[in-house]
Engineer: 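Have a look at this one.
Protein chains get the first letters and strands the later ones, always in sequence-line order, with residue 1 at the start of each.
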There are 2 protein chains.
Amino acid sequence: MTEDGKVHLTLRDVSEASGVSEMTVSRVLRNKGDVSARTREKVLAAARSLGYVPNKIAGALASNRVNLVGVIIPSLSNMVFPEVLTGISRVLDETVLQPVFGATHYAPETEEKVIYEMLSWRPSGLIVAGLEHNDAARAMMRNAAIPVVEIMDVDGAAIDANVGISHHRAGRDMAREITRRGYRRIAFLGSNMPDDHRARKRLEGFEQGLSEAGLALAATEFYSGGSSLRKGREMATAALAREPDLDFLYFSNDLIGAGGLLHCLEAGIDVPNRVGLAGFNGVDLLDGLPMHLTTMDACRMEIGVKAAEIVAGRALDGRTDLPARIELDPKLIRGETLRPAPDRA
Amino acid sequence: MTEDGKVHLTLRDVSEASGVSEMTVSRVLRNKGDVSARTREKVLAAARSLGYVPNKIAGALASNRVNLVGVIIPSLSNMVFPEVLTGISRVLDETVLQPVFGATHYAPETEEKVIYEMLSWRPSGLIVAGLEHNDAARAMMRNAAIPVVEIMDVDGAAIDANVGISHHRAGRDMAREITRRGYRRIAFLGSNMPDDHRARKRLEGFEQGLSEAGLALAATEFYSGGSSLRKGREMATAALAREPDLDFLYFSNDLIGAGGLLHCLEAGIDVPNRVGLAGFNGVDLLDGLPMHLTTMDACRMEIGVKAAEIVAGRALDGRTDLPARIELDPKLIRGETLRPAPDRA
DNA sequence: GCCGCTATTGTTTGCGCTAACAAAAGCATT
DNA sequence: AATGCTTTTGTTAGCGCAAACAATAGCGGC
């Protein structure tokens with residue numbers, strides 16, 4: 001079947017092969033407008049036998065509509081984002097829109113470039129992780145005249161719409177849970193990436209929560225590069241060596257938290273009584289460790305769903321009634337690395 | 001600065017603002033052809049102050065060149081693929097090409113749709129995971145007249161170029177290592193997805209390797225859904241309950257393997273003497289477990305790099321001297337869950 | 001068979017840009 | 001100042017498709 005020879009098949013080829021006008025072919029292939037069943041069959045048969053694939057570049061230019069949604073996140077290898085992407089896909093799959101992904105690697109200049117590239121394809125919407133962008137990026141998104149949803153974080157001013165959790169609050173709430181349970185010598189262990197604003201905000205909120213209880217961080221430990229169990233182990237080891245009387249380790253994510261937990265268990269430390277631990281994210285990949293790590297769910301899937309709903313609703317249905325800001329509730333997952341709370345009246 | 005008002009800025013707007021022709025603006029923004037420094041400055045200033053973002057849709061149509069490379073993989077949330085994507089990005093970042101990702105969720109019809117969508121954007125190349133595709137997908141890729149690289153797997157016939165490892169061989173080699181070390185009651189534990197052809201090939205190779213030693217699988221255990229430590233634990237528990245005299249558990253990936261390992265350690269089983277374990281992939285995220293899991297490196301990063309090099313070399317430099325098939329060597333990572341090999345003459 | 005409709009098909013135009021070619025400007029040499 | 005170059009800028013046409021409008025076919029009622 002599938003003739004070669006021609007390098008680029010166009011509507012004209014299908015039109016000639018089926019004996020109708022290009023416009024009719026176009027209508028058949030897009031299911032747009034009325035076409036008689038007989039003609040439709042003829043056209044589809046011709047298109048199929050030629051192996052014709054429509055040229056969306058030309059279609060987009062002619063119709064001034066591009067059914068793409070740019071999704072810009074720091075990293076594809078961070079376990080945090082796949083779940084957000086799943087939420088986005090789940091919603092967009094029900095529409096004509098398609099997500100296109102770009103990664104910034106936590107670098108503002110890279111983010112600017114990625115946004116520029118995305119916008120140069122004139123997408124129907126943009127979903128961007130975080131509220132921090134450089135001026136150029138911010139200006140481009142403001143001028144783009146498409147729905148822009150900033151996700152993950154709500155601590156700051158959004159350009160357009162915003163869906164996420166307050167990382168500041170997440171940190172503060174965790175601090176309250178920890179202090180309320182009687183832990184007093186508390187360490188923070190996390191990444192030292194200056195552009196991981198959400199981790200920074202959690203730390204700030206955490207410190208605020210501690211200070212409300214009259215406490216300050218007893219130790220901090222930072223690492224660079226990607227997370228892994230090993231990094232968590234090393235940090236826990238180092239922190240406990242330096243400050244042996246620590247009684248709580250708060251990690252900036254679950255993977256390093258799990259590593260820290262493994263270290264403590266191996267070292268024969270009584271968890272959660274002698275030392276408690278907590279992470280962040282609610283990564284269920286890790287469910288299955290000897291002990292459930294205390295963590296806080298970041299509502300990742302739901303963030304993706306809500307963000308996609310806003311983009312789809314606005315871009316496709318022209319809805320203007322959709323919320324511009326959705327703050328979700330990170331929920332504490334108690335696990336077994338946090339002592340039970342004391343009874344209170 | 002950035003004037004609003006106009007919804008769509010075009011070259012003409014920049015041209016009028018800077019007092020030169022559209023063509024000259026186009027040349028400046030693409031760094032193409034000679035433009036005097038003075039004109040260049042004028043144009044760039046105008047473009048910047050207007051907030052102009054070129055329209056790649058129009059550019060691509062006019063030039064018949066689209067600097068995108070479609071990358072089609074089963075899943076973004078499988079820990080296996082981020083590393084491949086990293087390899088691809090690393091190479092393409094040095095070129096004008098940009099990767100665009102699509103996920104098939106291991107469903108051939110979804111794959112067909114994703115390939116169709118990708119091709120309708122007329123990309124410069126395609127990188128597709130696996131060698132198994134339905135007829136329509138295969139025909140489209142054959143007719144696309146662009147470089148198509150099938151990755152991960154080399155056990156089968158490729159459409160165009162092919163980079164990967166032999167999963168059949170990986171399974172067989174692992175069986176040889178295991179039997180050589182004296183394990184005899186061996187179980188396979190993996191996913192039951194009918195369309196995970198690479199896992200299937202590993203199992204087939206594994207069985208062949210066993211039969212060379214006069215053995216057969218003593219047990220199999222399958223799961224559905226995503227991998228997690230918990231799944232691995234459950235499968236190990238179930239397999240050992242059913243066949244208490246098993247002395248080896250071969251898992252189809254590292255995550256479930258790690259779960260199995262945690263179960264064995266907790267149950268007080270002597271690893272690797274009473275029971276040995278192995279996984280597949282070489283996921284270094286998990287480095288940091290109480291014991292290093294034996295596994296086999298799937299060369300994921302290198303697969304991405306080589307595939308991208310082939311696409312870039314062919315699409316950009318018109319090179320025809322690039323290899324059409326690259327088989328990489330999966331390397332055994334011994335870890336500590338496999339007994340030492342007996343000495344041999 | 002003619003009218004007036006609706007269902008179906010066709011024609012023209014232009015989306016915003018770049019390739020190819022055309023023209024003009026700059027500049028040293030004679 | 002005219003010549004022959006190179007460098008810089010402009011003009012024309014068309015990429016493949018879909019919107020808007022135009023035309024034709026089909027069909028029932030009289």
Engineer: Whole Å only: how far is the NZ atom of B/K42 from the C1' atom of D/dT9?
Structural biologist: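 Atom NZ in B/K42 sits about 11 Å away from atom C1' in D/dT9.
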Engineer: I'd like to know whether B/H8 forms a side-chain hydrogen bond (donor to acceptor under 3.5 Å, both in side chains) with B/N55, so could you lay out the CA-CA distance, the side-chain angles of the two residues, the decisive distance to 0.1 Å, and finally the verdict.
Structural biologist: CA-CA 10 Å; B/H8 296 306; B/N55 185 332; over 6 Å; no
Engineer: Calculate, to the nearest 0.5 Å, the distance between atoms CG and CG belonging to A/D153 and A/L131 respectively.
Structural biologist: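 Here the interatomic distance stands at 5.0 Å.
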Engineer: Give the rounded distance in Å between these two atoms: CG of B/N55 and P of C/dG14.
Structural biologist: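 Result: 18 Å.
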Engineer: On the nucleotide C/dC17, are OP1 or OP2 found under 4.0 Å from the side-chain N or O atoms that B/S26 carries?
Structural biologist: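 Looking at the OP1 and OP2 atoms of C/dC17, neither is under 4.0 Å from any side-chain N or O of B/S26.
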Engineer: With sugar-phosphate meaning primed atoms plus P, OP1 and OP2, does B/L61 contact a base, only sugar-phosphate, or nothing at under 4.0 Å between heavy atoms?
Structural biologist: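 It contacts base atoms.
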Engineer: Nearest of D/dG16, D/dT8, C/dG10 to any side-chain atom of A/S21?
Structural biologist: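 Ranking D/dG16, D/dT8, C/dG10 by closest atom to the A/S21 side chain puts C/dG10 first.
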Engineer: Ignoring backbone atoms, test whether B/T39 places a side-chain nitrogen or oxygen under 4.0 Å from the OP1 or OP2 oxygen of D/dT9.
Structural biologist: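 For B/T39, the contact criterion (side-chain N or O under 4.0 Å from OP1 or OP2 of D/dT9) is met.
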Engineer: Specify the separation, in whole Å, of atom CG of A/D34 and atom P of C/dA7.
Structural biologist: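 From A/D34 CG to C/dA7 P: 7 Å.
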Engineer: Distance check: side-chain N/O of B/R30 vs OP1/OP2 of C/dA19, anything under 4.0 Å?
Structural biologist: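 Yes, such a contact exists.
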Engineer: I need the NE2-P distance between B/H8 and C/dG14, as an integer number of Å.
Structural biologist: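 It is 17 Å, rounded to the nearest whole Å.
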Engineer: Could you state the atom-to-atom distance from CZ of B/R38 to P of C/dG26 in whole Å?
Structural biologist: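 Rounded to the whole Å, the gap is 10 Å.
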Engineer: Side-chain N or O of A/T10 versus OP1/OP2 of D/dG16: is the shortest distance under 4.0 Å?
Structural biologist: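 Looking at the OP1 and OP2 atoms of D/dG16, neither is under 4.0 Å from any side-chain N or O of A/T10.
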Engineer: To the nearest Å, how far apart are B/R65 CZ and D/dG16 C1'?
Structural biologist: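 To the nearest whole Å, that distance equals 17 Å.
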Engineer: Base, sugar-phosphate alone, or nothing: which one does B/N64 contact when heavy atoms must sit under 4.0 Å apart?
Structural biologist: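 No contact at all - B/N64 keeps every heavy atom at 4.0 Å or more from the nucleic acid.
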Engineer: Whole angstrom is fine here: how far is it from CG in B/L11 over to P in C/dA19?
Structural biologist: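 That distance rounds to 12 Å.
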Engineer: Looking only at N and O atoms, is any donor in the side chain of A/R27 or the base of C/dG10 less than 3.5 Å from an acceptor on the other one?
Structural biologist: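 Yes, the side chain and the base share a sub-3.5 Å donor-acceptor pair.
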Engineer: A/A58 or B/R40: which one's nearest nucleotide on DNA chain D is closer to the 5' end?
Structural biologist: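 Upstream on the strand: B/R40.
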Engineer: Between B/R314 and B/D160, is a side chain to side chain contact (heavy atoms under 4.5 Å, CB included) present by the stated rule, with each step listed?
Structural biologist: CA-CA 12 Å; B/R314 301 235 293 232; B/D160 182 5; 2.6 Å; yes
Engineer: To the side chain of B/V20, which of D/dG10, C/dG10, D/dA18 is closest?
Structural biologist: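 Looking only at side-chain atoms, B/V20 lies closest to D/dG10.
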Engineer: Phosphate oxygens OP1/OP2 of C/dT9: is one of them under 4.0 Å from a side-chain N or O of A/S36?
Structural biologist: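 Yes, such a contact exists.
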Engineer: Should the pair B/E16-B/R12 be classified as a salt bridge under the 4.0 Å nitrogen-to-oxygen rule?
Structural biologist: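 Salt bridge present between B/E16 and B/R12.
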Engineer: Closest approach to the side chain of B/M23, judged atom by atom: which nucleotide of D/dG10, D/dA19, D/dC17 is it?
Structural biologist: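 The listed nucleotide nearest to B/M23's side chain is D/dG10.
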Engineer: Tell me if the CG atom of B/D321 is crowded by more than 12 foreign heavy atoms within 6.0 Å.
Structural biologist: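 Yes, because the 6.0 Å sphere around CG of B/D321 holds more than 12 heavy atoms from other groups.
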Engineer: Minimum heavy-atom separation for B/L126 to B/V311, with atom names?
Structural biologist: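 Scanning both residues completely, I find the closest heavy atoms to be O-CG2, 4.3 Å.
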Engineer: Please report the distance, rounded to the nearest Å, between NZ in A/K32 and C1' in D/dC21.
Structural biologist: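 Rounding to the nearest Å, NZ of A/K32 and C1' of D/dC21 are 16 Å apart.
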Engineer: Taking the side chain of B/A62 as its heavy atoms from C-beta onward, which of D/dG14, D/dG16, D/dA18 lies nearest to it?
Structural biologist: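 Nearest nucleotide to the side chain: D/dG14.
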Engineer: A/E22 has a side chain; which of D/dC17, D/dA20, C/dG16 sits nearest to it?
Structural biologist: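 The answer is D/dC17.
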